[in-house]
Amino acid sequence: DQQVKQNSPSLSVQEGRISILNCDYTNSMFDYFLWYKKYPAEGPTFLISISSIKDKNEDGRFTVFLNKSAKHLSLHIVPSQPGDSAVYFCAAIFQGGSEKLVFGKGTKLTVNP
Amino acid sequence: KAGVTQTPRYLIKTRGQQVTLSCSPISGHRSVSWYQQTPGQGLQFLFEYFSETQRNKGNFPGRFSGRQFSNSRSEMNVSTLELGDSALYLCASSLGLATDTQYFGPGTRLTVL
């Protein structure tokens, strides 16, 4: 059973616009969430994280929003740049449990010039 | 500081063979996690080693095993290879706490013929 779901396999946006990547989770015990970015032929790189005690975390052009009641988080990229084109993975962890990251299947973002 | 390295980068094997993949973590990192990435399933957690002990394990058959050495380098072994084992195998290292950032290597692309 997929505990972390990224229902959009791909997303295409124009340069300068906002990119919104969504992620849903089913396990209410998850208390820490992360986004990773992956370019072809490279391993994923950490982008931004959020603890369940917050509902927003911002780092430059990247903002993650967490809606615990809806078990939903989203990553906003503003403004989007062609270099942001990559696969984005959402991940979650329950710190008091097995403490292993559970990843979504990823969303491929394409930012068109 | 050198990043996570994985060897080999590419590997072609036939069904029934076994394979050993290697991962050298970032200096000072004591945790090494292994993931399997396939197009249909995203990143799936295999296992994590911390201070030479397996700390967490995913839902993979016993054909998948690993170990960690005193210098934190880790190896993953897959025996009796199946076609479905064709995937990108990623390792990630971290300091060891659940919320510590995981740094990924570039992966080993395994093809089973």
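Here is how names work: the chains are called A, B, and so on, in the same order as the sequence lines, proteins then strands, and each is numbered from 1.
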Under 4.5 Å from a heavy atom of chain A, the part of B:Phe47 involved: neither
Part of B:Gln6 lying under 4.5 Å from any heavy atom of chain A: neither
B:Arg15 CZ: over 12 foreign heavy atoms closer than 6.0 Å: no
Atom CG of B:Asn71 with >12 non-hydrogen neighbours under 6.0 angstrom: yes
Where A:Phe103 and B:Leu43 come nearest, the two heavy atoms and their spacing: CB-O, 3.6 Å
A:Lys108, NZ atom: more than 12 neighbouring heavy atoms under 6.0 Å: no
Whether over 12 other heavy atoms sit under 6.0 Å from A:Lys54 NZ: no
Full working for side chain to side chain contact (heavy atoms under 4.5 Å, CB included) between B:Leu88 and A:Lys38: CA-CA 13 Å; B:Leu88 180 67; A:Lys38 185 181 185 301; 3.9 Å; yes
Distance in Å, A:Tyr36 OH paired with B:Thr101 OG1, rounded so as to fall on 0.5 Å steps: 6.0 Å
Connected via hydrophobic side-chain network under 4.5 Å: B:Tyr35 and B:Tyr49: no
Inter-residue atom distance A:Lys105.NZ - B:Gln44.CD, 0.5 Å rounding: 8.0 Å
Structural part of B:Arg9 lying under 4.5 Å from a heavy atom of chain A: side chain
Residues, nucleotides or ligands: over 12 heavy atoms within 6.0 Å of B:Phe45 CZ: yes
Minimum heavy-atom distance B:Leu90-A:Pro44, with the two atoms named: CD1-CD, 3.8 Å
